[in-house]
Amino acid sequence: STDTFNYATYHTLDEIYEFMDLLVAEHPQLVSKIQIGNTFEGRPIHVLKFSTGGTNRPAIWIDTGIHSREWVTQASGIWFAKKITKDYRQDDTLRVILDNMDIFLEIVTNPDGFAYTHKTNRMWRKTRSRTPGSLCVGVDPNRNWDAGFGKAGASSNPCSETYHGKFANSEVEVKSIVDFVTKHGKIKAFISIHSYSQLLLYPYGYTSDPAPDKEELDQLAKSAVSALTSLHGTKFKYGSIIDTIYQASGSTIDWTYSQGIKYSFTFELRDTGLRGFLLPASQIIPTAEETWLALLKIMDHTSKHLY
Amino acid sequence: NENFVGHQVLRISAADEAQLQKVKELEDLEHLKLDFWRDPARAGIPIDVRVPFPSVQSVKAFLEYHDISYEIMIEDVQSLLDEEKQQMAAFQARAL
């Protein structure tokens with residue numbers, strides 16, 4: 001059962017998909033599994049939906065693992081899924097959120113890349129699509145969105161780790177989310193989780209123009225970061241992508257924000273100790289716990305400031 | 001499974017814009033097969049790069065020549081991967 005599932009170790013794609021089915025079977029009144037598409041190599045792309053009822057409610061989207069080697073993010077996504085089912089009756093904040101909104105959680109956003117990190121190359125980051133005319137494989141799925149696509153802050157070289165792809169949404173893993181979000185039409189917060197470098201970022205990445213909602217996003221990021229730090233003391237910085245790290249074009253949250261999803265954030269989770277993507281499994285749960293506090297802040301604010 | 005024996009991860013500290021540009025020059029040398037875990041962003045923000053074994057000496061020589069400070073963040077990537085695999089296998093065995 002998901003009570004005996006081990007959250008303190010890394011899991012394969014099959015184990016994670018099995019976990020999802022277990023969770024749905026244990027909580028059919030709360031959790032359902034949606035397939036939003038198939039990957040380049042034909043794997044199903046699954047999203048968990050947490051809903052206490054109603055139809056076409058406003059919703060919150062959380063995704064992990066868009067960069068496949070960032071294993072602590074998928075592992076945290078599994079922990080979040082279990083946390084929601086455990087807490088939704090007893091945690092007042094979460095109960096109010098779920099009384100008014102649905103939560104969509106995509107734990108493995110890049111299944112082909114993730115499977116490849118287990119089988120062949122633990123350092124793999126991109127998708128596994130093929131680029132005609134190049135021996136190099138894959139596109140950076142966080143440079144492939146239709147927001148400043150192809151501008152400075154991504155590479156046009158198919159061999160680069162930040163290759164943006166032939167055209168916006170060329171990657172089916174990205175297009176599947178675009179279609180889902182567009183069709184749903186009432187996503188009010190979109191949170192994409194990466195690792196590492198302990199950052200909470202909001203738009204924009206492709207331009208230094210401030211986002212119209214910068215003040216509110218900055219205040220919310222500040223409060224989310226202080227909630228995160230309060231648990232284990234992990235220090236985070238926050239700000240717009242371009243001000244806090246560098247120019248990045250075609251990124252997820254620049255597109256979601258351009259779609260009117262005001263509360264668009266990207267996390268870069270911890271590495272507090274020189275291990276980078278190879279974060280020891282012993283840090284999965286502490287990382288997920290602290291991130292959850294920040295997520296709750298963002299979801300709580302969203303549910304109280306629907307627009 | 002790709003092997004990362006001898007690959008090192010260096011944490012580079014670019015003191016100023018000129019040093020940052022030097023590190024970016026490295027990024028363009030495809031034959032070195034560098035894998036930036038944290039891209040060169042701005043002076044003062046750590047730059048983490050995985051360096052394949054055949055390139056380790058030349059990258060270190062380049063950094064030292066340009067007086068760019070760095071530390072070895074991961075001595076041998078493969079040993080961490082082996083540790084990670086053992087940890088997963090131990091849990092899977094226990095689960096079975």
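A note on names: the letters A, B, ... follow the listed sequences, proteins ahead of strands, and every chain is numbered from 1. We use all heavy atoms of the structure for the numbers below, so side chains are in, but hydrogens, waters and symmetry mates are not.
- Only the side chain of A:Glu15 has a heavy atom closer than 4.5 Å to any heavy atom of chain B.
- Looking only at side-chain heavy atoms (C-beta outward), A:Tyr246 and B:Ile45 stay at 4.5 Å or farther from each other.
- The distance from the CD atom of B:Glu75 to the CG atom of A:Leu274 is 12.0 Å, given to the nearest 0.5 Å.
- With a 4.5 angstrom heavy-atom cutoff, A:Thr244 touches chain B only via backbone atoms.
- Heavy-atom distances place no part of B:Pro46 under 4.5 Å from chain A, backbone and side chain included.
- Between chain B and the options A:Glu161, A:Met123, A:His11, heavy-atom pairs under 4.5 Å are most frequent for A:Met123.
- Side-chain contact annotation: A:Thr120 with B:Glu2, donor-acceptor N/O pair under 3.5 Å absent.
- At a 4.5 Å heavy-atom cutoff, B:Glu27 makes no contact with chain A through either its backbone or its side chain.
- Looking at B:Gln87, both its backbone and its side chain come within 4.5 Å of chain A, counting heavy atoms on both sides.
- Only the backbone of B:Phe36 comes within contact range of chain A, with at least one heavy atom under 4.5 Å from a heavy atom of that chain.
- Atom CZ of residue A:Arg275 and atom CD1 of residue B:Ile74 lie 7.0 Å apart, to the nearest 0.5 angstrom.
- The shortest distance between side-chain heavy atoms of B:Trp37 and A:Arg125 does not fall below 4.5 Å.
- Looking only at atom types and distance, the side chain of B:Gln92 has no donor-acceptor partner in the side chain of A:Asn6 under 3.5 Å away.
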